[in-house]
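Written below as structure tokens is the structure these notes are about.
The sequence lines fix the lettering, A, B, ..., with proteins before strands; numbering per chain opens at 1. Values in this document were obtained by computation on a predicted structure and should not be read as measured data.
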There are 2 protein chains.
Amino acid sequence: MLERPVLAVDVVLFGLQAGALAVLLAPRREAPFRGALALPGAALAPDESLLAAARRALAGKAGLPAAAAREVHLEQLGAFDGLYRDPRGRTVSVVHLGLCREPLPAPGGGAAFHPVREVAPGALPFDHGQVLEAALVRLRGKLRYTNIAAFLLPETFRLEELQRVYEAVLDRRLNRANFRTKLLRIGLLARAGVARGGLQGGRPPHLYRFTRGDLEAEERDFL
Amino acid sequence: MLERPVLAVDVVLFGLQAGALAVLLAPRREAPFRGALALPGAALAPDESLLAAARRALAGKAGLPAAAAREVHLEQLGAFDGLYRDPRGRTVSVVHLGLCREPLPAPGGGAAFHPVREVAPGALPFDHGQVLEAALVRLRGKLRYTNIAAFLLPETFRLEELQRVYEAVLDRRLNRANFRTKLLRIGLLARAGVARGGLQGGRPPHLYRFTRGDLEAEERDFL
DNA sequence: GCAAAAGTGTTACCACTACACCCATGC
DNA sequence: GCATGGGTGTAGTGGTAACACTTTTGC
């Protein structure tokens, strides 16, 4: 039997920070690239599921509070086999896409959320630059035909906040009036009261909540 | 260092057989489930890419002619970590979706294409039933916004054949006239001559070819 | 009252559906 | 000429984009 490749997981955890899309990066504690900012990851333990390993990476390397690591939305992005070498041998990484609700938890151990627009393409070690790009493409795609945006927002939110999520991820402006009608038409939003105060002037907005909060609904593309 | 999980690849290879969607199944040559029909797979070699391993599985276990195995369209579906056990230990499989042009090559070693509709849900070993279902969902999805159908057809084809691909995969009838206008509007098809003879009666149809034959074009959803 | 932000309505346009009709070939 | 299948045109419908307008709050 030949030597087995190392199986690892990495996580691209997105969150909203000051209205912009941000990604969690943690300094590497081991060679190679020791000290460099990278996507948090971990080697798969023998009797652990891929998703469990991803949560462990968030709670461990990235220093996310345990409650936050448990509540993060995670889904698999795919396996990456860049043939780079690790001290332990050849590595294949199963990457997961994570989404974190606003307000963002405070990571520890030097990890932090970085605005995606400010992460230079070649700044990340290994193939993490390409991995980040693939995660962005997936997120943009799913925004169009699922309720995945729900996982970037608090339980209840204003429609204007939801629109900002779409604009931050798709990186383009959307028409306010049409966004309202479209999103309300598809019937995935329920009113959840009215925002009280906190805003200067203006009519107080309704708050909304996604129905089917847990699952992802597949409807016709709605943007 | 704890024991490492085994990393394998499996392939869901689809093709068209008598106008119906078919999947390649091969009898297992090793325990467990020795002799049972299953998706062809292989353990990942230490310095082999995932795609290369998938092609090796097709040429080896499934007995596909070398030329056919080389020309098959392959893309990654995802990693599956059903915690089933192999004599070698816990296994994680990176599954690939494959598409094979008409006419189908003749596999060897007992492998054969089976109409998807006739594969009973629980008939396959391991989690291969769920894997097959996931591959179908992916294929249906991609049919809507890419030119992936090209990889199920010969280089040139009649529009009516293309429509049959869509109908076979989506499992529903489509309107002939609207299918024509829609597919021609998106500008991914180029005329490639006229079919000569071979048909009983009727006007001889134009043949078409996908432009951008290699890449997959992403356009607005077009069906 | 005025500014600010939420929420609604109107119109032109474009894509999709369904269906009818025309075209070119073999027999 | 007639059956057969390829290919085209058209009217109705519904969603989308752009934009103007109304409503409700704070000061």
Show me the protein contacts with nucleotides 23-25 of chain C, counting only N or O atoms at under 3.5 Å.
from: C/dT25; atom 1: O2; to: B/Gly202; atom 2: N; distance (Å): 3.3

Notebook entry, point to check: Should B/Leu162 and B/Tyr208 count as side-chain neighbours, where that means a heavy-atom distance under 4.5 Å?
Noted result: no

Note to self: Can you pull out every salt bridge (Lys or Arg N to Asp or Glu O under 4.0 Å) where at least one residue sits in residues 146-157 of chain A? Sequence neighbours excluded, please.
What the structure shows: A/Arg101-A/Glu155

Checklist line | salt bridge (Lys or Arg N to Asp or Glu O under 4.0 Å) pairs, two or more places apart, involving residues 60-70 of chain B | finding: none

Listed partners of [X] passing side-chain contact (heavy atoms from CB on, under 4.5 Å), at least two apart:
X        : value
B/Val194 : B/Pro204, B/His206
B/Ala52  : B/Glu48, B/Ser49
A/Arg176 : A/Gln163
B/Glu161 : B/Leu153, B/Phe157, B/Arg158

Nearest-Å distance, [atom1] ([X]) to [atom2] ([N])?
X        : N      : atom1 : atom2 : value
A/Leu159 : D/dT23 : CG    : C1'   : 16 Å
A/Lys182 : C/dT8  : NZ    : P     : 18 Å
B/Leu183 : D/dG7  : CG    : P     : 13 Å
B/Arg176 : C/dC21 : CZ    : P     : 15 Å
A/Leu184 : C/dG9  : CG    : C1'   : 15 Å
B/Glu160 : D/dG7  : CD    : P     : 10 Å
B/Arg172 : C/dA18 : CZ    : P     : 10 Å
B/Arg173 : C/dA18 : CZ    : P     : 13 Å

Notebook entry, point to check: Where the side chain of B/Pro205 is defined as all heavy atoms beyond and including C-beta, which of C/dA18, C/dG7, D/dG6 is the nearest nucleotide?
Noted result: D/dG6

Next item on the list: Output the distance between atom CZ (A/Phe210) and atom CG (A/Leu189), rounded to the nearest 0.5 Å.
Entry: 5.0 Å

Checklist line | Pairs flagged by side-chain hydrogen bond (donor to acceptor under 3.5 Å, both in side chains) wherever residues 103-117 of chain B is involved - sequence neighbours left out | finding: B/Arg117-B/Asp171

Could you go over nucleotides 9-11 of chain D and give all protein N or O partners under 3.5 Å, atom names and distances?
none

Notebook entry, point to check: Between A/Asp127, A/Val131, A/Leu132, A/Val11, which is the residue that forms a side chain to side chain contact (heavy atoms under 4.5 Å, CB included) with A/Val95?
Noted result: A/Val131

Note to self: At 4.0 Å (heavy atoms only), tell me whether B/Arg185 reaches a base, stays on the sugar-phosphate, or touches nothing.
What the structure shows: sugar-phosphate

Notebook entry, point to check: Who are the salt bridge (charged side-chain N to carboxylate O under 4.0 Å, His left out) partners of A/Arg164, not counting sequence neighbours?
Noted result: A/Glu160

Next item on the list: Tell me, please, which residues at least two apart from A/Arg138 pass salt bridge (charged side-chain N to carboxylate O under 4.0 Å, His left out).
Entry: A/Glu75

Note to self: Suppose we call a contact any N or O donor and acceptor under 3.5 Å apart; does that hold for the side chain of B/Arg180 and the base of D/dG6?
What the structure shows: no

Checklist line | Bend angle of the helix from C/dG1-D/dC27 to C/dC27-D/dG1, end axes from five pairs each (to 10°) | finding: 10°

Next item on the list: Please check the phosphate of D/dG7 (OP1 and OP2 only) for any side-chain N or O of B/His206 closer than 4.0 Å.
Entry: yes

